[in-house]
Undergrad: 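Here you go, one structure.
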Amino acid sequence: MASTNYWLMKSEPSTFSIDDLAQSRDQRTCWDGVRNYQARNYMRTMALGDQILFYHSNADPPAVVGIAEVVRTAYPDSTQFDKKDKHYDPTSKPSDPRWDMVDIKYVRAFPKPLTLEDMRKDPQLKGMVLLKKGSRLSVQPVTPAEWQHILRLAKKN
DNA sequence: GCCAACGTTGGC
DNA sequence: GCCAACGTTGGC
């Protein structure tokens with residue numbers, strides 16, 4: 001068994017916030033709607049128990065707001081075949097689904113969000129994918145060092 | 001295979 | 001609401 005991996009996943013709180021996750025049935029949800037190959041590929045490498053930083057994008061302020069974990073590994077995203085869904089993909093075939101999703105479960109919310117601004121100011125987080133110029137990836141890897149540092153900051157916050 | 005046009009993301 | 005950065009599409 002490989003060691004735990006760490007990730008960051010973005011969500012717009014006006015669409016789905018960490019509170020929405022906490023109030024979901026069994027505090028779980030499927031992470032549908034990802035339509036970016038790199039993000040999809042990262043999801044495909046996720047293992048049960050992998051830990052996730054839950055990030056609010058397009059928020060005021062943008063911030064990491066808590067933690068979730070992977071409770072089901074990648075499987076086909078049903079919304080790609082749903083004509084009525086915003087994420088419907090007419091070019092994806094049920095015999096060869098293009099888009100996957102994972103299920104995640106609420107672990108906890110930080111007492112106070114760790115803002116993007118806070119993270120930018122921290123030299124130890126300089127290498128984070130999130131902070132790279134023009135980075136728009138909605139699913140991205142986090143190193144163990146970054147993960148631990150962020151948890152420390154969140155506690156101190 | 002190039003690249004212009006277009007759509008989207010997401011901070012500000 | 002603006003717009004820079006990025007990914008994708010499609011004509012050539």
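Protein chains get the first letters and strands the later ones, always in sequence-line order, with residue 1 at the start of each. When reading the values below, keep in mind they use all heavy atoms of this one structure, side chains included, and skip hydrogens, waters and symmetry mates. For clarity, every value in this text was computed on a predicted model and none was experimentally measured.
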Undergrad: Is it the case that A:Arg44 places NZ or CZ above or below the six-membered ring of A:Tyr42, under 6.0 angstrom from the centre and within 45 degrees of the axis?
TA: no
Undergrad: With the criterion being N/O to N/O and under 3.5 Å, what pairs connect the protein with nucleotides 2-8 of chain B, and how long is each?
TA:
{"unit_1": "B:dT8", "atom_1": "O2", "unit_2": "A:Arg136", "atom_2": "NH1", "d": "2.7"}

Undergrad: Can you tell whether the side chains of A:Arg98 and A:Asp89 come within less than 4.0 Å, N to carboxylate O?
TA: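 Salt bridge present between A:Arg98 and A:Asp89.
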Undergrad: Is A:Glu69 reaching over with its side chain to a backbone N or O of A:Ile67, donor-acceptor style, under 3.5 angstrom?
TA: no
Undergrad: Provide, to the nearest angstrom, the distance between the CG atom belonging to A:Leu137 and the C1' atom belonging to B:dG10.
TA: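 These atoms are roughly 13 Å apart.
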Undergrad: Before we go on, tell me: are the rings of A:Trp31 and A:Phe54 under 6.0 Å apart, centre to centre?
TA: yes
Undergrad: Nearest whole angstrom, please: distance from the P of B:dG10 to the CZ of A:Arg35.
TA: 15 Å
Undergrad: Between B:dT9 atom C1' and A:Lys86 atom NZ, what is the distance in whole Å?
TA: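 Roughly 11 Å, once rounded to whole Å.
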Undergrad: Would you kindly compare A:Thr91 and A:Asn58 by the position of their nearest DNA chain C nucleotide and give the one closer to the 5′ end?
TA: A:Asn58
Undergrad: Please answer whether the main-chain N or O of A:Ser17 pairs with a side-chain N or O of A:Asp20 as donor and acceptor at a distance below 3.5 Å.
TA: yes
Undergrad: Would you mind reading off the distance between A:Arg120 atom CZ and B:dG11 atom P, rounded to a whole angstrom?
TA: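 Taking CZ of A:Arg120 and P of B:dG11, I get 8 Å after rounding.
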Undergrad: Any donor-acceptor pair under 3.5 Å linking the side chain of A:Asp26 with the backbone of A:Arg28?
TA: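 Side chain of A:Asp26 to backbone of A:Arg28: no pair is present.
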Undergrad: From CG of A:Asn36 over to C1' of B:dG10, roughly how many Å is that when rounded to an integer?
TA: 14 Å
Undergrad: Measure CZ/A:Phe16 against P/B:dG10 and give the value in whole Å, please.
TA: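 It is 17 Å, rounded to the nearest whole Å.
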